[in-house]
Amino acid sequence: MTREATYRSFPEDYLSAPDRAEQAVLEFWNSALVFGEQQKRRIGAKPFIFYEGPPTANGKPGIHHVFARAIKDAVCRYHWMRGARVERKAGWDTHGLPVELEIEKKLGISGKKQIEEIAGTKEASIAKFNDLCKESVFTYLKEWRSLSERMGYWLDYDHPYITFDPGYIESVWWLISRFHANGLLEKRFKVIPYCPRCGTGLSSHEVGQGYKDVQDPSVTVKFRLQDDPATSLLVWTTTPWTLPSNAGAAVNPELEYVKIRSPKHAGEQFWIAKARMAAVAPDAEVIESKRGRELAGIRYIPPFENLTNIPDLRAKPRPEAAAALHTIRAGEFVSSEEGTGIVHMAPCYGADDYELGEREGLPIYAAVGRDGKLAIDVGRAARGTFFKDADAGLMAELKDHGKLFARTTVQHTYPFCWRCDTPLLYYASPSWFLKTTAYRDAMVENNKKIRWAPPEIGAGRFGEWLEGNVDWAISRDRYWGTPLPVWECEYCNHFEVIDSIATLRKRAKSPFAEPFDPHKPGIDNIIIECAKCKKDAKRSLSVIDCWFDSGAMPFAQNGFPYKPDSGARLADQFPAHFIAEGLDQTRGWFYTLHAIATFISCYDRQPGRAGERVPSLSAASSYRSCVVNGLVLDAQGRKMSKRLGNAVNPFEAMQQNGADAVRLLLLGSGALHLNRRFDPDSMTAMRRQVVIPLVNCLQFFATYANEANYNDNDFRRDPKSRTLLDRWIRSRAETLAKSVADAFDNYDLPAAIAALSNFADSECSNWYVRRNRKRFQSGDLNDRWIGLETLRHVLGIAARCLAPIAPFAAEMLWHRIHRRDAKSESVHLQQFPTLDAGFGGDMDAALDSAMGSALTVARLARAIREKNKIRNTIPLPWIYLLVPRLEAGAGSFMSAVEDIVKDEVNVDEVRFEFYPPTPGQEHYFHLKAKPNFPVLGKRAGKLMKSIQEAILKLDDAQVIEFMAAGRRLVAVEGGAFEIGTDDVIVAAEVEDSACESDSKITVGLNVKYNDSAIARACAREFASAVNQARRDANFKLSDRCRVELAQSEAASRVLSGIGEGSGRQRWLDDLRATSIATRPADKHADWRETELIDGEKVAFRVARDE
RNA sequence: GGGAGCGUAGCUCAGUUGGUUAGAGCAGGCGUCUUAUACACGCCUGGUCGGGGGUUCGAGUCCCUCCGCUCCUACCA
């Protein structure tokens, strides 16, 4: 075995088993402490501030989590490479209903009542329940951490913020105390969306997650008038279950109402809005007409007459209630768009109903309790029936009593609990609110300063949501959450907000344990003295909406304002430059961060005890840029769900394809905010476009660097000896780095990947390396080293550009462009190429353009060969190129490109023809002029069409004349119009099968060839066969061999072809050693045959030349 | 019900301030080069740019309208 090579390729099984190679990279990162080193090297550097949106740690991570995390990781890595200090503090959202539900499921119980019975006493039950919640959070932390590690998402997991941490909770308390100090915390009786199963109200952003289309009854009910039972009000509702709680009927005071009579309802009369008559009772006849306000005060008989003991949420009935109850009331909110224009009012179950009821002093009947069940028997609907199930019995009851006017079903959307799927009801409940509407304008203003990607989310969805902001209901009547730090006096209704454990300790009537866990139930026992009346104040039993926890994170992650240095930390890490989460966070984290930070930075002007430590924060949201990503769907475009069984396991996906492939697929396929389909097959496609070309280039580099004993350490670079291709690929590499940087600066990651793919595949692998093969195989050693140096240089740029996106492959590539014995550092400790000294010096637009022309010529020439069925192996005499006449000095480019074209197209001569042409000279192409629309269009306007006609009519000679003169008058309707050379585009007219053109270049290929050309083609094909034979025989690159050719006519043609062959291919060295031998009659095994272009077969064998 | 977005090749998507031959990748067909690479390269096929109308010398792009899909929003009884 020879000693190990100096330069290595990728591991052999990288393509088939990327996981193994990536695991080795992970080991390297761990052992070299690369992430820690990143942190160390930027101490004191200017920060790029990033906030990690804390995942709810109670569920297993899915592939969609990889999406947002890939964005976050790539952006953070990029900014580190650009020289910034990027702190990446991990965070965990640990509180809330999701965690509680998980425990309920585990215990096989449901609802608050059962939770409070899991241990001996209620207190013991809650204590046990919360302990279980806390434990459950910890079991999933590991899953998340290993997901992050495997995908290469670097986070500081050793110092995470955890929302249940007492220090974090104290920060939240401080924030609540600031809201209170500014008069923005209040307790209100309000109709809020309420989940009867969870037993708690939901905030508007939670409700938004659970709308569903459902069929509901649509009933029109008769409310008989007390003084005239033959006349009824027609009342429409889709919630029959609210009818037993009816307290009034509302009409719009301005609308016109009519009393009608219908043949279908003999002896009866009805009041209805005039506008609704046609829809509800088209055959009716109007008897009387009145304005809504004139109807107010009329007394009716409630739909369920003899109900007693309906619970009334009002402890003491209001004195005016008796007069107002079950009468018509005027309400501006009533419309005549739908229904009957008369609205049944159940103040407990509707916001409008409640407001009006409050004004009129109506009772708040609650026939349906907070548990969602009927609290009383209502005829056939028995007590205890779930509210949605009570509809049928109630309607039957109405029908029996002749009170049902019409009944159908209607499809509409109805809210359900986002976690447990129970239908919500709107319920008048006492709740604690943050009056965010007080600073809505500031939120709207601050939002305009945020750079949203894509912009329409900020201006549209989020902006509109802010415009319609409502106060934030932050209390939850649950167990596992940050306790609301409000103590209420039972006697005088005074309430206080406690801003820290230290304050609580001072105020508590009796001492409590140290250290103190502020969670329920312990805290509920602490009593403080009411500051006003000196009596006992007890804690409100609520916990805080866990969304508040996560939105508090800019302050609470450092324990502001209580932890030492937290003020300095806040000043350093606020606001974030960058956050990124899924679209679903628009009303979640994006909002809560924004609402809390805007309050502190714009509204909070009353420094409290700790307030003077608040560093001056510019009026801003807590983030400057927000990148929003779409959903991850399955390969068929369906939402992933456990139910459908189509959820992709991220660990399996990465195990099979590698984390790089997963990251590339997620970041590279389409704009980030669009939903993307996660098709496992596409992962290989992404690798093929970006990573594999680089792997191949490296393989090539390693092969020839080893063979040439290339040493990057002692190589003296001499830029002057670089070839045209060297200079070109260096220019392209710098352009790549610039494009990738621009893409990252615009948060356009797909553009970065597209640029990488183009460079790796089209430019580096399939042009630079391919065109340079012969040079590396048999060139002069110094020249080979120059080429190797170039290749190594551009691969180094590519590796660093790739590093933020596909960190594993980039690392492997970076290591392998260094000698095996070199102590190479991680690519993730390098700076971005745009910061290299002298960056940009290699960019050469003229060269890029000339090489672009060469590529075009090659493509066009190949197309001509294809059409004429002439293989590339057959050399053709000449090719004509029609190109724009270049500026002085640029001719040398063309002559250099000429060699490339000659070789690539396999022609003996390249002939140029320039335009504008010299008049009178003979020329190969016939020129044709076309209007240059963008230039000419602006000037010509309406004349465009006739000018176009005139230009197209110009023949070859006229075009040449025009070009020489520089201007020409063309005839248009009503006169002449002068055009200049910039107004037209000149190209050749091509109808010949030997010509091809695109918008810039035209080529003509001589497609006639002679026998000698065939001989040369045969030689080339024979060489190819020899190479295949060498490969089959496992020859090494450096092995020389002897070729024996069996005597035949074809064989001598091959030999003559070899004689005419040129170039410095190594195979010629072999072939020159070819000798004619007599093929043994017994067909010895090492002889083989190959068929050449002319159909002849030649037999040959190769043997190692010892 | 209200708002937003989308609709471009069989599939996934690009497409600048309107500029006349609408691109790329994949798939399909046909070929080709080659001791870095067959997980390569080239060529070809494939489009009434969702339908209709309008503005304009000129529309995938701007306006109107209709159709389809998606998301958001809403206690309207």
Side-chain angles (χ1 to χ4, degrees), chain A residues 9 15-16 191-193 207-208 211 235-239 242 250 331 333-335 337-346 349-353 412-415 424-426 454 456-457 460-461 464-465 468 583 586-587 630-631 637 669-671 673-677 679 681-682 684-685 687-689 692-693 695-704 750 754 757-758 761 765-766 769-770 773 776-777 858-859 862-863 865-867 869 871-873 930-938 940-948 998-999 1020 1023-1024 1026-1028 1030-1031 1035-1037 1066-1067:
Chain A
S9 332
L15 296 180
S16 55
V191 176
I192 54 168
V207 179
Y211 281 96
V235 169
W236 179 65
T237 183
T238 55
T239 52
T242 60
F333 64 90
V334 178
S335 82
E337 306 276 306
E338 265 188 301
T340 59
I342 306 175
V343 176
H344 135 71
M345 287 168 61
Y349 306 113
D352 289 331
D353 312 42
H412 65 162
T413 47
Y414 194 87
L424 300 180
L425 41 83
Y426 287 83
E456 54 267 26
I457 301 265
R461 190 174 289 195
E464 283 162 24
W465 155 263
L583 192 61
T586 310
R587 278 149 190 99
L631 299 170
S669 53
H673 69 279
L674 298 174
N675 295 345
R676 60 236 308 92
R677 299 184 177 190
D679 184 352
D681 295 340
S682 324
T684 47
R687 289 179 82 205
R688 199 157 58 208
Q689 278 174 56
I692 292 179
V695 171
N696 290 334
C697 289
L698 180 83
Q699 165 98 31
F700 183 91
F701 168 78
T703 305
Y704 289 102
S757 159
N758 180 54
D761 193 23
S765 179
N766 280 306
V769 168
R770 190 160 65 76
R773 272 193 293 230
F776 286 116
Q777 285 155 11
R859 186 167 53 79
R862 272 194 293 261
R865 281 183 178 270
E866 179 87 12
K867 274 185 195 162
K869 302 278 173 222
R871 291 181 168 201
N872 214 27
T873 44
K930 284 193 310 182
N932 183 4
F933 281 95
V935 174
L936 190 55
K938 284 193 188 95
K942 294 197 177 194
L943 294 172
M944 199 60 214
K945 266 220 164 92
S946 54
I947 295 173
Q948 177 177 20
D998 75 353
S999 55
R1020 196 159 157 175
S1024 199
V1026 168
N1027 286 333
Q1028 190 56 50
R1030 285 181 55 122
R1031 204 186 308 190
F1035 278 36
K1036 274 204 238 94
L1037 217 51
R1066 178 176 289 162
W1067 55 264

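Just so it is clear: chains get the letters A, B, ... in the order the sequence lines come, proteins before strands, and each one is counted from 1.
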All N/O pairs under 3.5 Å across the protein-nucleotides 24-29 of chain B interface:
{"from": "B:G25", "atom 1": "O2'", "to": "A:Gln689", "atom 2": "NE2", "distance (Å)": "3.1"}

Please list, pair by pair, any protein nitrogen or oxygen found under 3.5 Å from a nitrogen or oxygen in nucleotides 2-5 of chain B.
{"from": "B:G3", "atom 1": "O2'", "to": "A:Glu464", "atom 2": "OE1", "distance (Å)": "3.4"}

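To the nearest angstrom, P of B:U17 lies 21 Å from CZ of A:Phe933. Going from atom NZ of A:Lys942 over to atom P of B:C57 covers 4 Å, rounded to whole Å.
Under the salt bridge (Lys or Arg N to Asp or Glu O under 4.0 Å) criterion, A:Arg770 pairs with A:Glu904, sequence neighbours left out.
Between the side chain of A:Ser335 and the base of B:A77, at least one donor-acceptor pair of N or O atoms lies under 3.5 Å. No N or O donor and acceptor, one from the side chain of A:Thr242 and one from the base of B:A77, sit under 3.5 Å apart. Side chain A:Asp352 to base B:C76: no donor-acceptor pair is found below 3.5 Å.
The partner of B:G42, taking Watson-Crick or G-U wobble pairs whose two distances both stay under 3.5 Å, is B:C30.
OP1 or OP2 of B:C41 has at least one side-chain nitrogen or oxygen of A:Asn766 nearer than 4.0 Å. An OP1 or OP2 oxygen of B:U32 is reached within less than 4.0 angstrom by a side-chain nitrogen or oxygen of A:Arg871. Applying the 4.0 Å criterion to OP1 and OP2 of B:A36, one finds that A:Tyr704 has a side-chain N or O inside that range.
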